[in-house]
Amino acid sequence: MNPSSMRALLDHWEADNKLLRVKREVNPLYELGAVLNARQGRQPFYFEKVKGYSSPMVGGLGGDRALLADSIGIAPDQFVSKIIDSIVSPIPTRLIGTGPVHDNVVLGPFDLDALFPIPTYHGDDSGAYYVSGILVVKDISGKKRYTSIRRMQFLGENKTNVLITSPELLQQFHEYEERGEPMEVAVMFGVVPAVVLSSQISTHLYHADKLDVAGALIGKPLDVVQCKTVDLEVLAEAEIVLEGKMIPYEREMEGPFGELAGFYGTRAPQPVIEFSAVTYRNNAICQTIFPSSYEERLPMALVREATLLSTVRQTVPNVKQVHITMGGVARFHAVIQIEKRSEGDGKQAAIAAFASDKDLKHVIVVDEDVDIFDPEDVEWAMAVRVQADQDIFIVPGAKGSPLEASHNVRGVTAKMGIDATVPLAHKESFKRTSIPFGPIDLEDYL
């Protein structure tokens, strides 16, 4: 059975020697993040001693494709199909009376910074930030539940502000504001990677309850409990939950902060959350994600791969695999593998990719003999199968991503498609070499 709680997953990985314990005390001011970033968020770390606090902290749980696959009991090459199946056939959460997250309940007034560590990550960040919290809200009708990861800057005492980039969430908050009402929120910390992965699914595209999708990823319903001070449900086995309200018409300046793409975002006024309760498990384990690391990028890339494959398949049904690369910041670069059946398939696949996601800038289409997860193999295909005047096309002045600095200079983005497939009439000229022997174990020869 796949673990539904973070501490059960940590026990599983520790038994397999996949969890690194840091016994030396680390400072939440820069040092903890620096240690996480030394492995680019691809290594699970357990920090036993965080300076100034009695609670441990973990990070790096969802940045390695193989470990993330292990956490939901699949092979790494099954992610796209598993995500699609989980969106189509979610498993609803199960409401129970109480759970471990309510072992301890702290009601206001309180100082968030006194309870659990809030790290500071980059030299020019505007302060300490929560970056791994899963925000839970309901729409104005109270019938639909939404979850997403939102960064929150600590403002002091029981307040943070929150960066809202989702048009849907922003619209929902504005509906509350127009009534002069606060929007109730809960923020969950210490959850399994499946919950983080499902939080990246597009509400606009799928209208799915993301906690139900997380249940399908794990293979069983997730237990939820009613919050103490707001009308929301949270995971019963979350380590820590913050409960509060997003205040109408109140804004505080937020930023700069080290963004996904590795540069600092701008400073701007953002909504304010005032927290009314903190609930947590006995011996709670804090959780963080180093911004711009693989742990932030990989979940969003995997979900985008599922959307990309589904979209491209509508016009190029012979598409085999797709890959959103980490070097392309998990959203700007894609590699698409097709079984080429007619000339034009390569360019059509790239065009379909751009239609699927406005953030995509560069798309490379390759044949079945190219490993799309090996950057060197993809570069090889470009080197020996591409003639720039015939196989590259550029779409100027298109929509792009505000997370990309060169887009922000002009407000638009150029898209480039690269058809690195072999001309069908000349396949023999492009045949790769092979050795009809092996595989070889050198120990047998030395």
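Separating the CG atom in Asn37 from the OH atom in Tyr121 is a distance of 11.5 Å, to the nearest 0.5 Å. In this structure, the separation between CG on Leu197 and CG on Leu302 is 6.0 Å, given to the nearest 0.5 Å. Summarising the geometry, atom CG belonging to Leu107 is positioned 8.5 Å from atom CD belonging to Glu243; distances are rounded to the nearest 0.5 Å. Interatomic distance, Ser86 OG to Ile201 CD1, rounded to the nearest 0.5 Å: 7.5 Å. In this structure, NZ on Lys18 lies 8.5 Å from CH2 on Trp13, to the nearest 0.5 angstrom. The distance from atom CD1 of Ile240 to atom OG of Ser55, rounded to the nearest 0.5 Å, is 6.0 Å.
Using a distance-only test at 3.5 Å, with no hydrogens or angles considered, a donor-acceptor pair links the side chain of Asp125 to the main chain of Gly258. Side chain of Glu157 to main chain of Asp111: no donor-acceptor pair is present (N/O by atom type, distance under 3.5 Å, no hydrogens or angles). Asp371 places no side-chain N or O within donor-acceptor distance of the main-chain N or O of Asp377, the cut-off being under 3.5 Å. Side-chain atoms of Asn161 come within 3.5 Å of backbone N or O of Met253 as a donor-acceptor pair. For Lys245 (side chain) and Met183 (main-chain N/O), no donor-acceptor pair under 3.5 Å exists by modelled atom type. No side-chain donor-acceptor contact under 3.5 Å links Arg94 to the backbone of Leu222.
When all heavy atoms of Phe332 and Asp359 are compared, the closest pair comes out as CD2-O, 3.2 Å. The two residues Ser5 and Arg281 come nearest to each other via the heavy atoms CB-NH1, 4.2 Å. Considering all non-hydrogen atoms of both residues, Val225 and Ala236 come closest at CG1-CB, 3.8 Å. Closest approach of Val196 to Pro299, counting heavy atoms only: CG1-CG, 4.2 Å. Scanning both residues, Thr288 and Met57, for their nearest heavy atoms gives CG2-SD, 3.8 Å. In this structure, Thr229 and Ser276 approach most closely via the heavy-atom pair OG1-OG, 2.7 Å.
A 4.5 Å side-chain heavy-atom check between Arg65 and Phe79 finds at least one atom pair inside the cut-off. In this structure, Lys138 and Lys143 have side chains that are not in contact, with every pair of non-hydrogen atoms separated by 4.5 Å or more. You'll find the side chain of Asn158 reaches within 4.5 Å of the side chain of Glu274, heavy atoms only. Within the 4.5 Å cutoff, the side chain of Met246 has heavy atoms near those of the Ile164 side chain. Annotation: side chain of Leu308 is in contact with side chain of Ile324 (closest heavy-atom distance under 4.5 Å). The shortest side-chain heavy-atom distance between Val329 and Arg297 falls under the 4.5 Å cut-off. The side-chain heavy atoms of Val335 and Val366, taken from C-beta on, include a pair separated by under 4.5 Å. The side-chain heavy atoms of Leu36 and Phe47, taken from C-beta on, include a pair separated by under 4.5 Å.
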**OP:** Test Arg7 against Glu237 for salt bridge (charged side-chain N to carboxylate O under 4.0 Å, His left out), laying out the working first.
**Re:** CA-CA 9 Å; Arg7 57 180 67 188; Glu237 294 188 293; over 6 Å; no
**OP:** Kindly determine whether Arg39 and Leu20 satisfy side chain to side chain contact (heavy atoms under 4.5 Å, CB included), including the steps that lead there.
**Re:** CA-CA 11 Å; Arg39 293 285 179 89; Leu20 290 185; 3.8 Å; yes
**OP:** Any chance you could lay out the salt bridge (charged side-chain N to carboxylate O under 4.0 Å, His left out) test for Glu48 and Arg24, step after step, and finish with the verdict?
**Re:** CA-CA 8 Å; Glu48 295 184 355; Arg24 172 177 166 177; over 6 Å; no
Original post:
Does the pair Arg251 and Glu177 meet the rule for a salt bridge (charged side-chain N to carboxylate O under 4.0 Å, His left out), with working shown?
Top reply: CA-CA 12 Å; Arg251 302 290 190 274; Glu177 278 196 317; 2.9 Å; yes
Subject >> side chain to side chain contact (heavy atoms under 4.5 Å, CB included) assessment of Leu68 paired with Ser71 >> reply: CA-CA 5 Å; Leu68 185 54; Ser71 76; 3.9 Å; yes
Subject >> side chain to side chain contact (heavy atoms under 4.5 Å, CB included) evaluation trace for Leu10 with Leu61 >> reply: CA-CA 9 Å; Leu10 294 175; Leu61 304 189; 3.9 Å; yes
**OP:** Go through the steps to decide whether Val272 and Lys159 satisfy the test side chain to side chain contact (heavy atoms under 4.5 Å, CB included), and finish with yes or no.
**Re:** CA-CA 7 Å; Val272 172; Lys159 290 187 177 182; 4.2 Å; yes
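Ser148 and Arg150 are linked by a side-chain donor-acceptor pair at a separation below 3.5 angstrom, with hydrogens and angles left out of the test. No side-chain donor from either of Glu259 and Ser292 sits under 3.5 Å from a side-chain acceptor of the other. When only modelled atom types and interatomic distance are considered, Ser132 and Gln287 share no side-chain donor-acceptor pair under 3.5 Å. A donor and an acceptor atom, one from each side chain of Glu295 and Ser293, are nowhere located under 3.5 Å apart. Asp374 and Trp380 form no side-chain donor-acceptor contact under 3.5 Å, judged by distance and modelled atom types alone. Tyr53 and Asp113 share a side-chain donor-acceptor pair at under 3.5 Å. In the model, Thr311 has no side-chain atom that pairs as donor or acceptor with a side-chain atom of Ser356 under 3.5 Å. No side-chain donor from either of Ser202 and Arg304 sits under 3.5 Å from a side-chain acceptor of the other. A donor-acceptor pair shorter than 3.5 Å can be found between the side chains of Tyr129 and Gln153. Gln337 and Gln321 form a side-chain donor-acceptor contact under 3.5 Å, judged by distance and modelled atom types alone. Side chain to side chain, Asn282 and Asn104 meet the donor-acceptor criterion of an N or O pair below 3.5 Å.
Heavy atoms of other residues, nucleotides or ligands lying less than 6.0 angstrom from CD of Gln78 number more than 12. For Lys399, the NZ atom is loosely surrounded, since the number of other residues' heavy atoms within 6.0 Å does not exceed 12. Within a 6.0 Å radius of CZ in Arg331, more than 12 heavy atoms belonging to other residues, nucleotides or ligands are found. For Lys320, the NZ atom sits in a packed shell: over 12 heavy atoms of surrounding residues, nucleotides or ligands are nearer than 6.0 Å. Other residues, nucleotides and ligands place more than 12 heavy atoms under 6.0 Å from the NZ atom of Lys220. For CD of Glu25, the number of neighbouring non-hydrogen atoms (other residues, nucleotides, ligands) closer than 6.0 Å is greater than 12.
The side-chain contact (heavy atoms from CB on, under 4.5 Å) with Pro193 is formed by just one residue from the set Leu9, Leu298, Ile72, Asp64; it is Leu9. For the pairing with Arg145, the side-chain contact (heavy atoms from CB on, under 4.5 Å) check across Asp139, Asp209, Leu232 returns one residue only, Asp209.
Within the 6.0 Å centre-distance limit, the rings of Tyr280 and Phe116 are counted as a close aromatic pair. The aromatic ring centres of Phe257 and His122 sit less than 6.0 Å apart.
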